[in-house]
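Notes for the one structure printed next.
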Amino acid sequence: MKIQRLICTGLILALAGLASVSCVSTRKVAYLQDMKHNTQIQLENDFEAVVSPYDELDIIVSCFDSELAKPFNIYGAAQGAIGNNSAARDLAYLVDQNGNIEMPVLGTIHAAGLTRLQLQERIKNLLVSGGYISDPYVMVRFRDFKIFFLGSNGGKAITVPNERCTFLEALAMSGDLNVFTNRNKIAVMREVNGRMVMRFLDPRSSKVFHDPYFMLQQNDFIITRDSNYGNFSKSYAQWAPITSIISTVASFASIYLTYMMYQSYTK
């Protein structure tokens, strides 16, 4: 009887241990746990993305006399060569590895490290000081402001339409994190002065708002990894059929043990 009881108890404990891997503490996954009602945190409202090598930019030059502005627009300069106005308008300025762009008539302009407003002002000054246009209007926009995600569930890229994206906004647009993601090891990787720099951010704490990488730049990478608990859980899922068998055996063992104990008491 003691051996049967030990076997049954062992099976039940093993099943309980395996089942426990499906439970994840809220403390491990809940966002901004230290924030209270009416908490106010100052954000960097003057943030602007800066131009980097290999960015694609849309630059439009206009003025009162559209014919004066036409030679300074890439689609205007290329329209005759391409012969298709809509195809010409799809062209964008590619920032080269040295951080420069080549504009019609104006030539080489160093753009890397400038915000789009600063680049607008630089182009405007060149147009006025060169005597080309006295009243230019210049608009610069990023063609593709993208954030990239890498993790155990694969990779993806999201396009940010307004050129301003926070770390939390990026997580939301990516479809959120799974419960097994290691929250204190979410990395933001960024190219800074020709070097890749990585910082770890934790969305469970309001301290994330003060991190210099909370405001994302275009072409940033967000890299996630599963905790050891998550890796074990995935391995456990592969053993689900066996777990089901163990559960069934444990149930029968429990019934049998109860029956044998009942028989011993009735004798």
Side-chain angles (χ1 to χ4, degrees), residues 17-36 39-45 47-56 95 112 142-241 243:
L18 290 171
S20 67
V21 301
S22 62
C23 302
V24 178
S25 170
T26 302
R27 182 174 54 84
K28 294 182 179 294
V29 298
Y31 294 109
L32 305 174
Q33 297 173 31
D34 58 341
M35 291 193 69
K36 304 184 184 309
T39 298
Q40 297 184 22
I41 297 176
Q42 183 65 42
L43 294 179
E44 188 180 353
N45 294 322
F47 169 81
E48 281 192 272
V50 297
V51 179
S52 301
Y54 308 109
D55 282 343
E56 288 189 348
V95 184
F142 290 94
R143 170 68 64 92
D144 290 313
F145 191 108
K146 291 184 177 180
I147 307 296
F148 299 91
F149 287 83
L150 292 175
S152 59
N153 294 327
K156 66 184 300 184
I158 61 171
T159 300
V160 180
N162 58 5
E163 302 175 5
R164 183 182 186 275
C165 184
T166 68
F167 174 65
L168 294 179
E169 287 172 333
L171 294 183
M173 288 187 287
S174 72
D176 204 1
L177 307 171
N178 65 55
V179 295
F180 301 124
T181 300
N182 191 349
R183 260 57 175 184
N184 65 351
K185 284 290 185 180
I186 301 178
V188 176
M189 188 169 66
R190 175 180 304 169
E191 182 178 353
V192 180
N193 298 325
R195 297 182 179 181
M196 299 304 295
V197 180
M198 179 179 288
R199 290 181 63 89
F200 291 104
L201 278 66
D202 187 347
R204 298 172 302 177
S205 169
S206 62
K207 293 180 181 178
V208 71
F209 293 113
H210 303 296
D211 194 283
Y213 277 36
F214 178 72
M215 303 300 300
L216 299 180
Q217 296 271 8
Q218 71 275 25
N219 301 320
D220 276 356
F221 282 84
I222 295 180
I223 304 173
T224 63
R225 63 187 72 176
D226 283 349
S227 62
N228 293 331
Y229 179 84
N231 293 328
F232 174 75
S233 178
K234 291 180 180 179
S235 298
Y236 159 73
Q238 299 176 356
W239 293 87
T243 303

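Counting begins at 1 with the first residue of the sequence.
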Quiz item: What closest approach, in Å, do Arg204 and Val29 show between heavy atoms, and which atom pair accounts for it?
Solution: CD-N, 4.4 Å

Quiz item: In Å and rounded to the nearest 0.5 Å, what is the CG to CD distance from Leu216 to Glu169?
Solution: 8.5 Å

Quiz item: Does atom CG of Asn193 have more than 12 heavy-atom neighbours, drawn from other residues, nucleotides or ligands, at distances under 6.0 Å?
Solution: no

Exercise. Taking the side chain as every heavy atom from C-beta outward, state whether Leu168 and Pro203 have any atom pair closer than 4.5 Å.
Key: yes

Quiz item: When rounded to the nearest 0.5 angstrom, what distance separates CG in Leu201 from CZ in Phe214?
Solution: 8.5 Å

Quiz prompt | Side-chain donor-acceptor contact under 3.5 Å, Asp55 with Asn219 | solution = yes

Quiz item: How far apart are the C-alpha atoms of Ile147 and Gln217, what are their side-chain angles, what is the distance that settles it, and do they pass the side chain to side chain contact (heavy atoms under 4.5 Å, CB included) test?
Solution: CA-CA 8 Å; Ile147 307 296; Gln217 296 271 8; over 6 Å; no

Practice problem: Check whether any side-chain heavy atom of Lys146 sits under 4.5 Å from a side-chain heavy atom of Val160, and report yes or no. | Solution: no

Exercise. Answer yes if the side chains of Thr181 and Asn178 hold a donor-acceptor pair under 3.5 Å, and no otherwise.
Key: yes

Practice problem: Evaluate the side-chain proximity of Ile223 to Met189: yes if any heavy-atom separation is below 4.5 Å, no if none is. | Solution: yes

Quiz item: Do the side chain of Glu163 and the main chain of Phe142 share a donor and acceptor less than 3.5 angstrom apart?
Solution: yes

Practice problem: To the nearest 0.5 angstrom, please state how far the CE atom of Met173 sits from the CD1 atom of Ile158. | Solution: 3.5 Å

Quiz item: Distance from Lys185 atom NZ to Asp202 atom CG, nearest 0.5 Å?
Solution: 11.0 Å

Practice problem: Give a yes or no answer on whether the side chain of Lys156 reaches the backbone of Ser174 with a donor-acceptor pair at less than 3.5 Å. | Solution: yes

Practice problem: Take Leu177 and Thr224, measure what side chain to side chain contact (heavy atoms under 4.5 Å, CB included) needs, and give me the verdict at the end. | Solution: CA-CA 9 Å; Leu177 307 171; Thr224 63; 3.9 Å; yes

Practice problem: For residues Val95 and Glu56, determine if any side-chain heavy atom of one lies less than 4.5 Å from a side-chain heavy atom of the other. | Solution: no

Quiz item: Minimum heavy-atom separation for Gln218 to Phe145, with atom names?
Solution: N-CZ, 3.4 Å

Quiz item: Given side chains that start at C-beta, do those of Ile222 and Phe148 come closer than 4.5 Å, heavy atoms only?
Solution: no

Quiz item: Quick one: is the NZ or CZ of Arg190 closer than 6.0 Å to the six-membered ring centre of Tyr213, and within 45° of its axis?
Solution: yes

Practice problem: Find the distance between OG (Ser206) and NZ (Lys36) and round it off to the nearest 0.5 Å. | Solution: 10.0 Å

Practice problem: Would you check, one step at a time, whether the test side chain to side chain contact (heavy atoms under 4.5 Å, CB included) holds for Phe167 with Val188? | Solution: CA-CA 9 Å; Phe167 174 65; Val188 176; 3.9 Å; yes

Quiz prompt | Phe149 side chain near Asp220 side chain, heavy-atom distance below 4.5 Å | solution = no

Quiz item: Does a side-chain N-to-carboxylate-O contact under 4.0 Å join Arg199 and Asp211?
Solution: yes

Self-check item: Straight-line distance of Thr39 OG1 to Phe209 CZ, nearest 0.5 Å
Solution: 9.5 Å

Exercise. Compare every heavy atom of Leu150 with every heavy atom of Gly155, then report the nearest pair and how far apart it is.
Key: CA-CD2, 4.3 Å

Practice problem: For Ala112 and Pro53, work out which heavy atoms get closest and say how close. | Solution: CB-CD, 4.3 Å

